[in-house]
Amino acid sequence: MQVAVVTFDGFNELDSFIASALINRSRKDGLEAFITTPTPVVTSVNGVAVTGQRPMEFVTEADAVLIGSGVKTRDVVADDRLISRLPLDPSRQLIGSQCSGALVLARLGLLGGMPACTDMTSRPFVEACDVTVLDAPFHAEGNIATAGGCLASQYLATWVITRMLGEDAARDVIGYVAPVGENQETVARAMRAVHAGEAVLG
């Protein structure tokens with residue numbers, strides 16, 4: 001099982017790295033994440049240059065695709081050629097976005113009428129796409145999820161691990177990386193955020 005963590009130029013390190021690092025804690029169970037980039041090298045908002053592990057075309061074969069955020073996301077959604085390289089399919093893929101990544105899901109027409117989570121800076125731009133923005137860190141409906149706030153990337157990873165390997169696997173990962181002495185409360189918070197954010201579909 002493979003996860004593409006789509007990472008554009010100007011990306012936020014917390015969004016891409018936290019999600020990929022947490023998911024890769026499940027590598028022994030057959031779940032692996034890869035930093036997926038439109039160019040061989042992308043540079044973060046803080047000037048960190050990263051070599052992509054997979055090219056953008058990898059998104060078509062990935063079982064899950066997470067769209068990271070960054071300071072250039074509005075340029076991304078305005079680039080028809082770049083957007084065309086993201087032929088995502090929620091009928092067979094888990095698809096999630098982090099912060100301004102919600103703009104990409106909106107541009108791809110994947111949100112439909114569902115509300116979304118994003119960060120405070122991106123909120124007005126997401127709302128301009130006729131998407132209702134929730135005051136919550138995580139929301140999911142079916143195979144699509146959105147997270148808001150950099151550290152909510154742990155909830156996006158928790159959702160992916162839970163959906164692909166089960167809740168026990170997610171608890172193990174979050175418990176392992178939790179601050180010492182705060183394991184139980186960190187796991188409980190992550191699971192609570194994911195459960196609260198999952199819509200009950202009729």
Side-chain angles (χ1 to χ4, degrees), residues 2-16 18-20 33-39 42-45 50 52 54-150 152-153 155-157 159-160 163 197-199 201:
Q2 299 180 314
V3 182
V5 180
V6 178
T7 303
F8 300 106
D9 205 44
F11 72 96
N12 184 314
E13 301 97 332
L14 292 173
D15 297 345
S16 291
I18 290 176
S20 62
F34 300 91
I35 299 296
T36 302
T37 56
T39 54
V42 292
T43 303
S44 78
V45 62
V50 172
R54 294 289 186 274
M56 193 70 96
E57 289 69 28
F58 175 65
V59 300
T60 61
E61 60 185 272
D63 301 288
V65 179
L66 302 182
I67 309 292
S69 75
V71 295
K72 297 183 179 180
T73 307
R74 289 164 62 197
D75 295 332
V76 170
V77 298
D79 187 333
D80 291 340
R81 186 183 61 81
L82 186 51
I83 286 294
S84 71
R85 298 174 67 186
L86 290 167
L88 307 185
D89 183 359
S91 70
R92 65 175 184 84
Q93 294 174 307
L94 295 180
I95 301 171
S97 69
Q98 178 67 45
C99 293
S100 65
L103 288 170
V104 177
L105 298 195
R107 175 70 170 77
L108 292 170
L110 293 173
L111 293 178
M114 72 177 280
C117 299
T118 191
D119 62 281
M120 291 184 292
T121 301
S122 301
R123 179 170 188 150
F125 302 106
V126 175
E127 290 177 333
C129 298
D130 292 324
V131 174
T132 299
V133 174
L134 301 172
D135 288 317
F138 179 83
H139 179 73
E141 293 186 15
N143 286 344
I144 297 179
T146 58
C150 299
S153 51
Y155 303 150
L156 206 53
W159 176 71
V160 169
R163 287 290 303 270
E198 288 182 318
L201 302 180

Gap separating the CZ atom of Arg163 from the CG atom of Asn143, nearest 0.5 angstrom:
4.5 Å
Asp79 CG to Arg74 CZ distance, which is reported to the nearest 0.5 Å
15.0 Å
For Thr7 and Ser16, work out which heavy atoms get closest and say how close.
OG1-OG, 2.9 Å
Looking at every heavy atom in both Leu156 and Ala145, which two are closest together, and how far apart are they?
CD1-CB, 4.1 Å
Quick one: salt bridge (Lys or Arg N to Asp or Glu O under 4.0 Å) pairs with a partner in residues 111-125, sequence neighbours left out?
Arg123-Glu127, Arg123-Asp135
Between OG1 of Thr36 and CZ of Arg85, what distance do you get to the nearest 0.5 Å?
11.0 Å
As an exercise, state the distance from CD1 of Ile83 to CG of Leu88, rounded to the nearest 0.5 Å.
9.0 Å
So Phe8 and Leu82, do their side chains get closer than 4.5 Å, heavy atoms only?
yes
Does any donor atom in the side chain of Glu13 or Ser44 lie under 3.5 Å from an acceptor atom in the other side chain?
yes
Could you give me the CA-CA distance, side-chain angles and deciding distance for Val50 and Phe11, then say whether side-chain contact (heavy atoms from CB on, under 4.5 Å) is met?
CA-CA 10 Å; Val50 172; Phe11 72 96; 3.7 Å; yes
What do you reckon, is CZ of Arg81 surrounded by more than 12 foreign heavy atoms closer than 6.0 Å?
no
Counting distance only, does the side-chain N/O of Gln93 pair as donor-acceptor with the main-chain N or O of Val59 below 3.5 Å?
yes
Would you say that Trp159 contacts Leu94 through its side chain, given a criterion of any heavy-atom pair below 4.5 Å between the two side chains?
yes
Nearest non-hydrogen partners of Ser100 and Thr118, listed with the distance
N-OG1, 3.7 Å
Taking atom CD of Gln98 and atom CG of Leu105, what is their separation to the nearest 0.5 Å?
11.0 Å
Could you tell me whether Lys72 and Asp75 make a salt bridge, using a distance below 4.0 angstrom between a side-chain N and a carboxylate O?
no
Output the distance between atom OG (Ser153) and atom CD1 (Ile18), rounded to the nearest 0.5 Å.
3.5 Å
Show the atom names and distances, to 0.1 Å, of all donor-acceptor pairs under 3.5 Å that link a side chain in residues 61-71 to residues at least two apart or in another chain.
residue: Asp63; atom: OD2; partner: Gln2; partner atom: N; Å: 2.8
residue: Ser69; atom: OG; partner: Asp15; partner atom: OD2; Å: 2.2

Can you find a heavy atom in the side chain of Asn12 that is under 4.5 Å from one in the side chain of Cys99?
no
Any side-chain heavy atom of Val104 within less than 4.5 Å of one from Ser97?
no
What closest approach, in Å, do Gly148 and Ala152 show between heavy atoms, and which atom pair accounts for it?
O-CB, 3.3 Å
Side-chain donor-acceptor pairs of residues 107-117 under 3.5 Å, sequence neighbours excluded:
residue: Arg107; atom: NE; partner: Val77; partner atom: O; Å: 2.8
residue: Arg107; atom: NH2; partner: Asp80; partner atom: OD1; Å: 2.4

Is there side-chain contact between Val6 and Met56, with heavy atoms separated by less than 4.5 Å?
yes
